[in-house]
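First up is the structure itself, then whatever we jot down about it.
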Amino acid sequence: MAELRFDNQVVVITGAGAGLGREYARLFASRGAKVVVNDLGGSFRGEGSSSKTADAVVKEIKDAGGIAVANYDSVEYGEKIIDTAIKNFGRVDVLINNAGILRDITVKNMKDADWDLIMTVHLTGAYKTTRAAWPHFRRQRYGRVINTSSSSGLFGNFGQGNYAAAKLALIGLTETLAKEGAKYNIHANALAPGAASRLTETVWPPDMMKLMTPTWVVPLVAVLVHSSNKETGSIFEAAAGHFSKIRWERSKGLLLRPDDSLNPDAVLKGWNTIIDFKDAEHPNRVADSMGLLRKALQLPKNAP
Ligand code: NAD
């Protein structure tokens, strides 16, 4: 089988100075891409900055014979990161929104600053880079976006209300980008990774850290952003060599007549039907969410 290549493509990776981002940068550069290595170089809580983090990865890539350029802006100034790609390489083909920090604390003890900074880095950052790349994607009728979500976003996690909210918001953004980009061959997918990094070293035991090399996440992302891939608007998990897809599931549900008999007692009576996932559906558009509701409202099938 031929090697999956990215020759002459420009790949922008945010937070590429360490962890997963560094591994993406090295892989894409080794397979022919010109890489923008963005990293603010601050602490895992989002304090401070340093150009050394991105520079070190650019040097690694160049020493190995690859092409890369550094960018040190925070993702909240996404347009500057995309500018670096355009000024140095004249285009952008792939955007991997990966930069991330943590401010773990229960909602009870959370300060607004903990909430705001997490939203800014994870959610606003991905929005800013994507919005800046979008006109280029549209003009060239080609673009690939990966937004980095998390199992904390999908399922919630104790002490991560801010992070979980931002990470689930990225799913909504991704699903919308997939719809807005479809006509222009712009694909967007979300990833919930698992990898040993400074974000997980305080949580996972040393044995697990050894197994969860960030390298094992990278191949899935490479496949997703390759020009041959048709997947868009999807959520994937990748960790330690395990790869899977996640989707919404909706119970067939309970349909009650919308009249005076529709009261809390009727809902309670039908409770087991509401939560029964036998004959479940897997909606992926707002129109799909009508389902039985359409029947309840007696709308014709082709109504908006
Ligand atoms: P990491 O700390 O090793 O790497 C993140 C990088 O992002 C750092 O180099 C950091 O300097 C950079 N960064 C932080 N804020 C930035 C900003 N404002 N602008 C530009 N760069 C910034 O962490 P990682 O584990 O490789 O995480 C990568 C992504 O994966 C993050 O979005 C994280 O939330 C997500 N994630 C990781 C795991 C995991 O198991 N490691 C699980 C779920 C989600």
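Just so we're clear, the structure is a prediction, and the values are computed from it rather than from any experiment. Sequential numbering from 1 along the given sequence is applied to the chain's residues. Counting starts at 1 for both ligands and their atoms, following the listed order.
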Looking at ligand 1, is there an atom of it that comes within less than 4.0 Å of some heavy atom belonging to [X]?
X    : answer
T148 : yes
P193 : yes
W204 : yes
M212 : no

Apply the test side chain to side chain donor-acceptor pair (under 3.5 Å) to residues N97 and T130: give CA-CA distance (whole Å), side-chain angles for both, the deciding distance (0.1 Å), then the verdict. CA-CA 8 Å; N97 285 314; T130 307; 3.2 Å; yes

Which is it for [X] and ligand 1 at heavy atoms under 4.0 Å: side chain, backbone, both or neither?
X    : answer
D73  : backbone
S74  : both
K167 : side chain
F44  : neither
I101 : side chain
S149 : backbone
H122 : side chain
Y72  : neither

Which residue holds the protein heavy atom closest to [atom], what is that atom called, and what is the gap in Å?
atom                    : answer
atom 4 (O) of ligand 1  : A18 O, 4.0 Å
atom 13 (N) of ligand 1 : A99 CB, 3.9 Å
atom 28 (C) of ligand 1 : N98 OD1, 3.1 Å
atom 6 (C) of ligand 1  : G15 O, 3.5 Å
atom 27 (O) of ligand 1 : L199 CD1, 3.7 Å
atom 25 (O) of ligand 1 : S197 OG, 2.5 Å
atom 5 (C) of ligand 1  : G100 O, 3.8 Å
atom 34 (O) of ligand 1 : Y163 OH, 2.6 Å

Compute the shortest N/O to N/O distance between [X] and ligand 1 and return yes if it is under 3.5 Å, no if not.
X    : answer
D39  : yes
L20  : yes
L40  : yes
R198 : yes
A195 : yes
G21  : no

Would the number of heavy atoms belonging to other residues, nucleotides or ligands and lying under 6.0 Å from CG of D259 be above 12?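 Enclosed: over 12 neighbouring heavy atoms sit under 6.0 Å from CG of D259.
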
Using a cut-off of 6.0 Å, state whether more than 12 heavy atoms not belonging to W134 lie near its atom CH2.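 Yes - once you tally the heavy atoms of other residues, nucleotides and ligands closer than 6.0 Å, there are more than 12.
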
So, do [X] and [Y] sit near enough that their side-chain heavy atoms are less than 4.5 Å apart?
X    : Y    : value
V12  : I81  : yes
V225 : I146 : yes
R103 : M110 : no

Side-chain donor-acceptor pair under 3.5 Å between E76 and T124, yes or no?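 Short answer, no.
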
Using a strict 4.0 Å cut-off to heavy atoms of [X], name the atoms of ligand 1 that fall inside it.
X    : result
G194 : 40 (O)
T200 : 39 (C), 40 (O), 41 (N)
N38  : 20 (C), 21 (N)
G19  : 3 (O), 26 (O)
G41  : 11 (O)

Going by an N to O cut-off under 4.0 Å, is there a salt bridge joining E281 and K252?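 Salt bridge between E281 and K252, a charged N being under 4.0 Å from a carboxylate O: no.
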
Should K59 and D55 count as an ion pair when the cut-off is N to O under 4.0 Å?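 Judged by the 4.0 Å cut-off on N to carboxylate O distance, K59 and D55 do not form a salt bridge.
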
Working for side chain to side chain donor-acceptor pair (under 3.5 Å), residues N109 and T106: CA-CA 5 Å; N109 296 321; T106 56; 3.2 Å; yes

For the CZ atom of F236 and the CZ atom of R247, what is their distance to the nearest 0.5 Å?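 Rounded to the nearest 0.5 Å, the CZ-CZ separation comes to 11.5 Å.
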
Under a 3.5 Å distance rule, please check whether [X] uses its side chain to pair with a backbone N or O of [Y] as donor and acceptor.
X    : Y    : value
Q140 : Y142 : yes
T53  : L40  : no
D114 : K111 : yes

Here's one to test your reading of the geometry: is the NZ or CZ of R138 within 45 degrees of the ring axis of Y184 and under 6.0 Å from its centre?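 The answer is yes, since R138 meets both limits relative to Y184.
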
